[in-house]
**Student:** 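Let me begin by handing over the structure; questions about it come next.
Only heavy atoms go into these numbers, but all of them, side chains included; no hydrogens, no water, no symmetry mates. Nothing fancy with the numbering, it's 1 onward along the sequence. Bear in mind that the values here come from a model prediction, so they are computed numbers and not experimental data.
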Amino acid sequence: MAQVLLMTPSPEKGATVLPALGLLSHTVHVVGHDLSATMTDRPFDVVLVDARTDLAVARGLCRMLRTAQTPGPIIAVVTEGGLAAVTEQWQVTDFVLEGAGPAEVEARIRLATTICGSAERQDRQDRQEGTISEGALVIDESAYTVRVGGRALDLTYKEFELLKRLAQHPGRVATRAQLLQDVWGYDYYGGTRTVDVHVRRLRAKLGAEYESMIGTVRNVGYRFIADADAGLAAEAAVLE
């Protein structure tokens, strides 16, 4: 049984988006087109995006979900007429027709979660080698060195740990409280202002060309944005 997050512009009509879903044993959480719904500790196995009506909005939402590194697969629910509009630019794992039967919906959820699970295991294996490479940024965890655009950065221990924590989850939003806990630890009594100060110092050391790698999500926290994702980051500016 999977934990399914269904995002639709009309949450009160969530049962009509993919009727066959209601015949399966999965637990379904219906929300609006609100990205903050994915920024929780709740382990959703798959995200379904209602793309039956406004294709442009649905496409933008799928791309922003991918930019924010939403865990798990993303499946767009479309009409037969909307199939022609779905391309690789949507950055979804799969799509399903609104009239699909229970067996097909079950199969698509199962296959999507299996594929994403394999990809995440491979990513963890790659990171165990001790090097994080995101765009122009290269972090050598064993040597405690950081290079950006080929230039070595002179970072303090906390600045290094903060940058590493963000780069380990590119695009995924981390609250100030989460960063304070992960980098400074449970027994640190300082306030979240400490995080803001260190982010400001990190941006200064990254320089004008790369300071945008650390993006601010207003009233929430920060996320790492590789320079290669600058186009998607601009599209996700609605978050800030």
**Student:** Does Ile75 share a hydrophobic cluster with Met1, counting links as ILVMFWY side-chain heavy atoms below 4.5 Å and allowing steps through other members?
**Tutor:**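 Hydrophobic grouping puts Ile75 apart from Met1.
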**Student:** Please collect all salt bridge (Lys or Arg N to Asp or Glu O under 4.0 Å) contacts where either partner lies in residues 151-164, sequence neighbours excluded, each pair once.
**Tutor:**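 Matches after skipping sequence neighbours: Glu141-Lys164, Glu159-Lys205, Glu161-Lys164.
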**Student:** What pairs with Ile214 under side-chain contact (heavy atoms from CB on, under 4.5 Å), at least two apart in sequence or on another chain?
**Tutor:**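 Here the qualifying residues are Leu163, Leu166, Val199, Leu202, Arg203, Leu206, Tyr222.
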**Student:** Under the 3.5 angstrom rule, does the side chain of Gln178 hit a backbone N or O of Thr175 as a donor-acceptor pair?
**Tutor:**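 Indeed, once roles are kept as given, a pair shorter than 3.5 Å links the two residues.
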**Student:** A side-chain contact here means heavy atoms from C-beta on lying under 4.5 Å apart; do Gln168 and Ile132 qualify?
**Tutor:**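 Yes - at least one pair of side-chain heavy atoms lies under 4.5 Å apart.
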**Student:** Would you kindly say whether Ser142 and Asp140 are connected by a side-chain donor-acceptor distance under 3.5 Å?
**Tutor:**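 Asp140 and Ser142 do have a side-chain donor-acceptor pair below 3.5 Å.
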**Student:** Any non-hydrogen side-chain atom of Leu24 less than 4.5 Å from a side-chain atom of Glu106?
**Tutor:**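 In short, these two side chains touch, coming nearer than 4.5 Å.
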**Student:** May I ask whether Leu23 and Leu97 are part of the same hydrophobic cluster, defined by side-chain heavy atoms of I, L, V, M, F, W, Y residues being less than 4.5 angstrom apart, directly or through others?
**Tutor:**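 Each belongs to a different hydrophobic cluster.
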**Student:** Check for a donor-acceptor pair, side chain of His169 on one end and backbone N or O of Arg165 on the other, with a separation under 3.5 Å.
**Tutor:**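 Checking the backbone N and O of Arg165 against the side chain of His169, no donor-acceptor pair under 3.5 Å is found.
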**Student:** Do you know the tightest heavy-atom contact between Glu104 and Val96?
**Tutor:**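 It is OE2-CG2, 4.4 Å.
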**Student:** I'd like to check the ring-ring contact (aromatic ring centres under 6.0 Å, His included) partners of His33; sequence neighbours left out, ordered by chain and number.
**Tutor:**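 Partners of His33 under the ring-ring contact (aromatic ring centres under 6.0 Å, His included) test: none.
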**Student:** Membership question, hydrophobic clusters at under 4.5 Å side-chain separation (ILVMFWY): are Tyr144 and Leu155 in the same one?
**Tutor:**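 Same hydrophobic cluster.
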**Student:** Linking I/L/V/M/F/W/Y whenever any side-chain heavy atoms sit under 4.5 Å apart, do Leu61 and Leu83 land together?
**Tutor:**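 Linked, Leu61 and Leu83 end up in one cluster.
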**Student:** Taking all heavy atoms of Trp90 and all of Ala85, pick out the closest pair and write down the distance.
**Tutor:**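 Heavy atoms of Trp90 and Ala85 come nearest at NE1-O, 2.9 Å.
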**Student:** Is the shortest heavy-atom distance from the side chain of Leu21 to the side chain of Leu48 under 4.5 Å?
**Tutor:**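 Side-chain contact under 4.5 Å: yes.
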**Student:** Can you check whether Glu134 reaches Pro170 side chain to side chain, under 4.5 Å on heavy atoms?
**Tutor:**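 Glu134 vs Pro170: side chains touch.
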**Student:** Indicate yes or no: at least one non-hydrogen side-chain atom of Thr194 is less than 4.5 angstrom from one of His198.
**Tutor:**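 With C-beta onward as the side chain, the pair touches.
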**Student:** Indicate every side-chain donor-acceptor pair of residues 7-15 with a distance under 3.5 Å to a residue at least two apart or in another chain.
**Tutor:**
residue	atom	partner	partner atom	Å
Thr8	OG1	Ser10	N	3.4
Thr8	OG1	Asp50	OD2	2.8

**Student:** Excluding sequence neighbours, so at least two apart, what forms side-chain contact (heavy atoms from CB on, under 4.5 Å) with Ala2?
**Tutor:**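 Partners of Ala2 by the side-chain contact (heavy atoms from CB on, under 4.5 Å) criterion, ordered by chain and then number, come out as Val4, His26, Asp45, Ile109.
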**Student:** Show your reasoning for whether side-chain contact (heavy atoms from CB on, under 4.5 Å) applies to Gln3 and Leu5.
**Tutor:** CA-CA 7 Å; Gln3 296 290 325; Leu5 180 67; over 6 Å; no
**Student:** Does the side chain of Val30 reach to within under 4.5 Å of the side chain of Val28, using non-hydrogen atoms?
**Tutor:**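 Side-chain contact under 4.5 Å: yes.
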**Student:** Side chains of Val47 and Val49: does their closest heavy-atom pair fall under 4.5 Å?
**Tutor:**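 When only atoms from C-beta onward are counted, Val49 and Val47 do touch, with a gap below 4.5 Å.
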**Student:** Is it true that Val183 and Tyr157 fall in one hydrophobic cluster, defined by side-chain heavy atoms closer than 4.5 Å?
**Tutor:**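 Yes, Val183 connects to Tyr157 through the hydrophobic network.
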**Student:** Return yes if a side-chain donor-acceptor contact under 3.5 Å exists between Arg59 and Gln89, otherwise no.
**Tutor:**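 Result is yes, a qualifying pair exists.
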**Student:** Under the rule for ring-ring contact (aromatic ring centres under 6.0 Å, His included), what residues qualify as partners of Phe95, not counting sequence neighbours?
**Tutor:**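 Residues passing ring-ring contact (aromatic ring centres under 6.0 Å, His included) with Phe95: none at all.
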**Student:** Tyr210 versus Leu137: any side-chain heavy-atom pair under 4.5 Å?
**Tutor:**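 Of all side-chain heavy-atom pairs linking Leu137 with Tyr210, none is under 4.5 Å.
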**Student:** Centres of the His29 and Phe44 rings: under 6.0 Å?
**Tutor:**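 For His29 and Phe44, the ring centres are under 6.0 Å apart.
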**Student:** Between Arg52 and Thr16, does the side-chain contact (heavy atoms from CB on, under 4.5 Å) criterion hold? Intermediate values first, please.
**Tutor:** CA-CA 11 Å; Arg52 299 172 303 155; Thr16 67; 4.3 Å; yes
